[in-house]
Protein chains: 2
Amino acid sequence: MTRHEKHFSSNKEKEFEFTCRKHGLSLTIQRRAILENLAGRTDHPTADQIYDAVKEHLKGVSKTTVYRVLETLVNFGLARKVNNPEAKARFDADTSRHHHLTCITCGAVLDIHAQQLNRLSFPEELHGDVEFIDYSINFNGRCPACLKKSGAKNTE
Amino acid sequence: MTRHEKHFSSNKEKEFEFTCRKHGLSLTIQRRAILENLAGRTDHPTADQIYDAVKEHLKGVSKTTVYRVLETLVNFGLARKVNNPEAKARFDADTSRHHHLTCITCGAVLDIHAQQLNRLSFPEELHGDVEFIDYSINFNGRCPACLKKSGAKNTE
DNA sequence: AAATATTTGACATTTATTACCATTTGCAAT
DNA sequence: ATTGCAAATGGTAATAAATGTCAAATATTT
Ligand SMILES: [Zn+2]
Ligand SMILES: [Zn+2]
Ligand SMILES: [Zn+2]
Ligand SMILES: [Zn+2]
């Protein structure tokens, strides 16, 4: 019983309460339980995995609520969506080493080719623990079209 | 008519034919058309978008085929899946700046915290064209558990 | 405690992806 | 060119993830 509660560090709990109050969000037991579960694990669970875990302690939770609460948590910066910015796979015939920028305004995905980004060194302190094979970088920002539309050309 | 065909660079076409022959894959018009379409655009389309485009030239293509062919192309290195290594979103309560390693063996997602990775400089040559806001790095490799199991501890 | 605004739960629906299988097609050997 | 067979396709049906709806329940305010 105390096992999972100790993971809901009072830091995260305070941040949760603060953020909810700040934005006029109700402090519901569902929100608390879902964030508590997510904060108590490091395996980057899916919505379904969180649902499976939470329903043990909170009999009757709806899966809909889990999806909704997760979205809320992400929107207010209390959690982060690691994969799948959208729910569809995107394909690329360019198999050369390059990276991507996703436009936060229109969702476009642009190629970022830059030599300097292809020479990242893997963190030494982790060698031995894990094996690094490759990497790709996901930038987020704004594409040329949306930049032009908004007129926000910061040249600084 | 020549508009889209010129994009199917003879390089990619040769690579396609070579790879198919090398692995005993049939050279079907569906595979050719789908790769031709994908290679002729840079917008990282979804399977559905490719289907919409391809069916114009290849009346009667099945959406199933598009999904299947894309999978084949990715498996044989002729294309790349940019988003959604799997079709589910994963969540993280750690909103601090960090990166992720996805284990190619078991699919686990691990946090990679390393200061050196948080100081990437955005490619200068792109300043002005696009606006960079943030980034995250997706490593792929193998997690400690799978590394240990396979006994492949390369300490070099 | 009562009034009000928000959130939830159950169900239905949409959307992405995969499974299945009969038919067709690519391809190699006549 | 014809034949034979393995491989691939098309159509449909089935999963699975995610979202929409709305009355009932709950949190917050008064
Ligand atoms: Zn844009
Ligand atoms: Zn790309
Ligand atoms: Zn693993
Ligand atoms: Zn993480």
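Proteins come first, then strands; the chains are lettered A, B, ... in the order of their sequence lines, and each starts at number 1. Basis for what follows: all heavy atoms, side chains included, without hydrogens, waters or symmetry-related copies.
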Rounded to whole angstroms, how far apart are [atom1] on [X] and [atom2] on [N]?
X: B:His23; N: D:dA6; atom1: NE2; atom2: C1'; answer: 18 Å
X: B:Ile50; N: C:dT17; atom1: CD1; atom2: P; answer: 11 Å
X: A:Lys59; N: C:dG9; atom1: NZ; atom2: C1'; answer: 13 Å
X: A:Ile29; N: D:dT26; atom1: CD1; atom2: P; answer: 8 Å
X: A:Lys55; N: C:dA10; atom1: NZ; atom2: P; answer: 12 Å
X: B:Asn83; N: D:dA17; atom1: CG; atom2: P; answer: 18 Å
X: B:Glu86; N: D:dA17; atom1: CD; atom2: P; answer: 10 Å
X: A:Arg31; N: C:dT8; atom1: CZ; atom2: C1'; answer: 10 Å

(message) If you assign each of B:Leu25 and A:Gly60 to its closest nucleotide in DNA chain C, which residue comes earlier from the 5' end?
(response) A:Gly60
[atom2] on [Y] to [atom1] on [X], rounded to 0.5 Å:
X: B:Gln30; Y: B:Arg68; atom1: CD; atom2: CZ; value: 9.5 Å
X: A:Tyr51; Y: A:Ile34; atom1: OH; atom2: CD1; value: 10.5 Å
X: A:His113; Y: A:Gln115; atom1: NE2; atom2: CD; value: 9.0 Å

(message) Using C1' atoms of five pairs at each end, report the bend of the helix from C:dA1-D:dT30 to C:dT30-D:dA1 rounded to 10 degrees.
(response) 40°
(request) Identify, residue by residue, the members of residues 64-71 of chain A with a heavy atom below 4.0 Å from DNA chain C, and return them in order of residue number, or none. (result) A:Thr64, A:Thr65, A:Arg68, A:Val69
(message) Suppose we screen for side-chain hydrogen bond (donor to acceptor under 3.5 Å, both in side chains). Which residues come up paired with B:Arg32, at least two apart in sequence or across chains?
(response) B:Glu13, B:Glu17
(message) Under 4.0 Å, counting only non-hydrogen atoms across every strand here, what does B:Gly24 touch: a base, just sugar-phosphate, or nothing?
(response) nothing
(request) Name the nucleic acid region contacted by A:Ser62, choosing base, sugar-phosphate or nothing; use a 4.0 angstrom heavy-atom cut-off, strictly under. (result) base
(message) Checking side-chain hydrogen bond (donor to acceptor under 3.5 Å, both in side chains) between B:His99 and each of B:Asp111, B:Asn118, B:Asn138, which is the one that passes?
(response) B:Asn118
(message) Could you walk me through whether A:Arg31 and A:Thr72 satisfy the side chain to side chain donor-acceptor pair (under 3.5 Å) test, starting with their C-alpha distance in whole Å, then the side-chain angles of each, then the deciding distance to 0.1 Å, before giving a yes or no?
(response) CA-CA 9 Å; A:Arg31 285 181 178 151; A:Thr72 302; 4.6 Å; no
(request) Take the angle between the ring planes of A:Phe122 and A:Tyr135 and call it parallel below 30°, perpendicular above 60°, tilted in between. (result) perpendicular
(request) Evaluate the ring planes of A:His44 and B:His98, with Trp represented by its six-membered ring, and classify them as parallel (under 30°), tilted (30 to 60°) or perpendicular (over 60°). (result) tilted
(request) Specify the residue among B:Lys88 and B:Val61 whose closest nucleotide of DNA chain D lies further upstream toward the 5′ end. (result) B:Val61
(message) Is there a side-chain contact between A:Thr28 and the phosphate of C:dT8, meaning an N or O under 4.0 Å from OP1 or OP2?
(response) yes
(message) Please confirm whether the shortest side-chain N or O distance from A:Gln30 to OP1 or OP2 of C:dG9 is below 4.0 Å.
(response) yes
(request) Please tell me which of the listed nucleotides, C:dC27, C:dT17, C:dT7, lies nearest to the side chain of A:Ala89? (result) C:dT17
(message) Closer than 4.0 angstrom, basic N to acidic O: yes or no for A:Asp43 and B:Arg90?
(response) no
(message) Would you say B:Leu25 ends up clustered with B:Val61 if hydrophobic residues are merged whenever their side chains have heavy atoms under 4.5 Å apart, either directly or through other cluster members?
(response) no
